[in-house]
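Reviewing the structure listed below.
Values reported hereafter were calculated over all heavy atoms of this structure, with side chains retained and with hydrogens, waters and symmetry mates removed. Whatever order the structure lists them in is the order used to number ligands and atoms, beginning at 1. For clarity, every value in this text was computed on a predicted model and none was experimentally measured.
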Amino acid sequence: MIRDLLSASIFDKIPQIQSFSTRNKKPMSIQVKDVSKFYGKQKALDTLSFEISDAEVVGFLGPNGAGKSTMMKIITGFLPQSSGDVFVNGLNIEKHSLEIRKQIGYLPEHNPLYLDLYVKEYLEYVAGIYKLGRNKKKRVDEMIELTGLGLEQKKKIGALSKGYRQRVGLAQALIHDPKVLILDEPTTGLDPNQLVEVRQLIQNIGKEKTVMLSTHIMQEVEAICERVLIINKGKLVADQAANHIHSIKESHVFELQFTCPVSNSQFQTIAGITHVETLTNNRYQISATNDVREQIFQMAVSNNLILIEMKSQERNLESLFHELTR
Ligand SMILES: Nc1ncnc2c1ncn2[C@@H]1O[C@H](COP(=O)(O)OP(=O)(O)OP(=O)(O)O)[C@@H](O)[C@H]1O
């Protein structure tokens, strides 16, 4: 599974939050202040704080069990926090839970659809819950159109593919025209074609609405999000612009082995090197903005260093996250 690529071990090494904020004078859609959540004795969220402004599209990342779904359930009012405060469009979630539910569209990780209902019947049922009244039928038709469910609308939900069930989930999340959308792993299990279509759909939605989406897929973040929040063990460990992730992903990584130690100042003579990590046995992992292999050889020669191995490394999710959060 793609999600397992993000092993928890790499997150254990994460030192500190790197602050990034797109916050300007825009009003805040979501404010999370010092939120903790305990399941029995287990702490799932640990004094977590962040803010998401109006019409921002934010990726919510972290390894399995980091607390993403828990945080999303709290924001949507499905689960109470143990301590701390959550505000959605300025309203306190504890005091205005019903009002907030009208303003939020939520696609849970395990989308609880009624498999025996027909697509249209189900969406009309959801529209009824939101008391859409005379607008009900029109709104259902609009959602079917928006999510590309036209050909499937007369089928039972149980007969739909995973991708189309996700679309029904998105349609129910959007039917009451909420200002804020919380999407918990919206593209899990989709095939490559469905992935592209559902991402495109979320991107379009994000032009007008605040979207917070959890995912384990970096390409998704790049494709859809402006900003990324990363949590590990219930704590915020990074808050970055998505294009920062892209520039890291585009960088080059090499693993080198010399016969003796090389100092940081020797590496620093090479333009383009952004990070040097010392491994064991005179091995080094370096990150650079460009292909610096030739310069490394020249540096070794001019310093009388013997380079015995140089490997170009694939930029995988783990190294990317490591760099992002170091
Ligand atoms: N209802 C529950 N009862 C007890 N523990 C729970 C419950 N729900 C979640 N947890 C625990 O809280 C922690 C955070 O879980 P959560 O589902 O929020 O993580 P996640 O980041 O969404 O993980 P994943 O990426 O695997 O979906 C985990 O250790 C999980 O086992």
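Near Ala66, meaning under 4.0 Å from any of its heavy atoms, are these atoms of ligand 1: 19 (O), 20 (P), 21 (O). Residue Glu109 approaches ligand 1 through these ligand atoms, each under 4.0 Å from one of its heavy atoms: 27 (O). Remark: ligand 1 atoms within the under-4.0 Å shell around heavy atoms of Ala44 are 12 (O), 13 (C). Ligand-side atoms of ligand 1 in range of Glu185: 25 (O), 27 (O), range being under 4.0 angstrom from any heavy atom. In summary, the atoms of ligand 1 found under 4.0 Å from a heavy atom of Thr70, numbered by their order in the structure, are 14 (C), 15 (O), 16 (P), 18 (O).
Relative ring orientation between Tyr122 and Tyr114 is described as tilted, the plane-to-plane angle lying within the 30° to 60° band.
For a threshold of 3.5 Å applied to N or O pairs, the pair formed by Gly67 and ligand 1 contains at least one separation below that value. The shortest N or O to N or O distance between Gly65 and ligand 1 is under 3.5 Å.
Neither the backbone nor the side chain of Met71 comes within 4.0 Å of ligand 1, counting heavy atoms alone.
Between Gln298 and Glu294 there is a side-chain heavy-atom pair separated by less than 4.5 Å. Looking at Glu309 and Arg283, their side chains come closer than 4.5 Å, going by heavy atoms from C-beta outward. Annotation: side chain of Val168 is in contact with side chain of Ile157 (closest heavy-atom distance under 4.5 Å).
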Residues Phe50, Phe60; criterion ring-ring contact (aromatic ring centres under 6.0 Å, His included); working and verdict: CA-CA 11 Å; Phe50 59 85; Phe60 197 43; 5.8 Å; yes

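Remark: Asp141 engages Lys120 in a side chain to side chain donor-acceptor pair (under 3.5 Å) (not counting sequence neighbours). Residues forming a ring pair (Phe, Tyr, Trp, His ring centres under 6.0 Å) with His96 (at least two apart in sequence, or on another chain): none.
Nearest residue to atom 31 (O) of ligand 1 from Lys37, Lys43, Gln42 is Gln42 (criterion: closest heavy atom). Of the listed residues (Tyr39, Phe38, Phe60), the one carrying the non-hydrogen atom nearest atom 4 (C) of ligand 1 is Tyr39.
Between Lys68 and Asp184 there is no salt bridge, since no side-chain nitrogen of the basic residue lies less than 4.0 Å from a carboxylate oxygen of the acidic one.
In this structure, Met72 has no heavy atom closer than 4.0 Å to ligand 1.
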